[in-house]
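First comes the structure, then the notes that go with it.
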Amino acid sequence: MLRWFPENISTYGGDIDWMFSLVYYIVGFWFLLTEGVLLYCVVRYRRQPGRAATYVRGQRFSELAWVLVPAAIVLALDLGIDAAGGPAWARVKEHAPPGGVEVHTTGKQFNWEFTYPGPDGVFGTADDVTMDNELHVPAGQNVHLTLTSKDVIHSFFIPNVRLKQDVLPGRTIKAWFNATKPGRYEIACAELCGFGHYNMRAFLTVHEPADYQRWVETQWPPAPAGAGDARPSTVQ
Ligand SMILES: [Cu+2]
């Protein structure tokens, strides 16, 4: 595994790291091999007195093979990587597990805005709770994000969770994660989005479930008298 990565705290992070390592080692191997061959040829066939360069027209099959064989190898490796990474990709991008906490996330120059449904459990009502640059979630539970942008293209990136998703104005995109280790982690924008891009930084706080419940009780407004309080259902 690649040791310089930030600590993985998400349930699918191991799959992402495995895919990254696979690509890294395959590309690394071929990079070293091809650069080695290139250096060898540069030295071995350097200009020498009395030796004329050979003009290769690339018409014979033995000459074409220098292009076709590497192209076939690259294609085979690409397909192999696709096949190996397919299940992990489907798990992360296509089959979000049900249940857990839902947060609407909006990118804007130059903040991340997080909106919770509030005590009534419904988005778009008066008791919604919105915070700039603070995402709080319970450990060990699915977190479903609905991502959009108010202005330009941003990219929502939590390195420790191995989640990176482009955020586009005019579109809502779903993403999910399940963070297993309580703590405070950095959220960044990974798309150059304007002069304040460098400062588009937020934090993910992963709480123990009981602490998350306490956070909800202290940070969210109380449920109005007589109205149902949907808060307990946010933590199963
Ligand atoms: Cu941005």
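Just so it is clear, the model here is predicted, and its values are computed rather than measured. Residue numbers count from 1 along this sequence. Order of listing sets the numbers, starting from 1, for every ligand and every atom in it.
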Within less than 2.8 Å of the Cu ion (ligand 1), any N, O or S from Met200? yes

Shortest-distance N, O or S atom of His154 relative to the Cu ion (ligand 1): ND1

Aromatic plane relationship, Phe114 with Phe156 - under 30° parallel, 30 to 60° tilted, over 60° perpendicular: perpendicular

Would you say His197 reaches the Cu ion (ligand 1) with an N/O/S atom under 2.8 Å? no

Hey, what do you get for CG (Leu145) to OG1 (Thr105), rounding to the nearest 0.5 Å? 4.5 Å

Any donor-acceptor pair under 3.5 Å linking the side-chain atoms of Asp120 with those of Thr125? yes

Rounded to 10°, the SG/Cys193 to the Cu ion (ligand 1) to SG/Cys189 angle comes out at 120°

Say whether Thr172 and Thr148, considering side chains only, have a donor N or O and an acceptor N or O under 3.5 Å apart. no

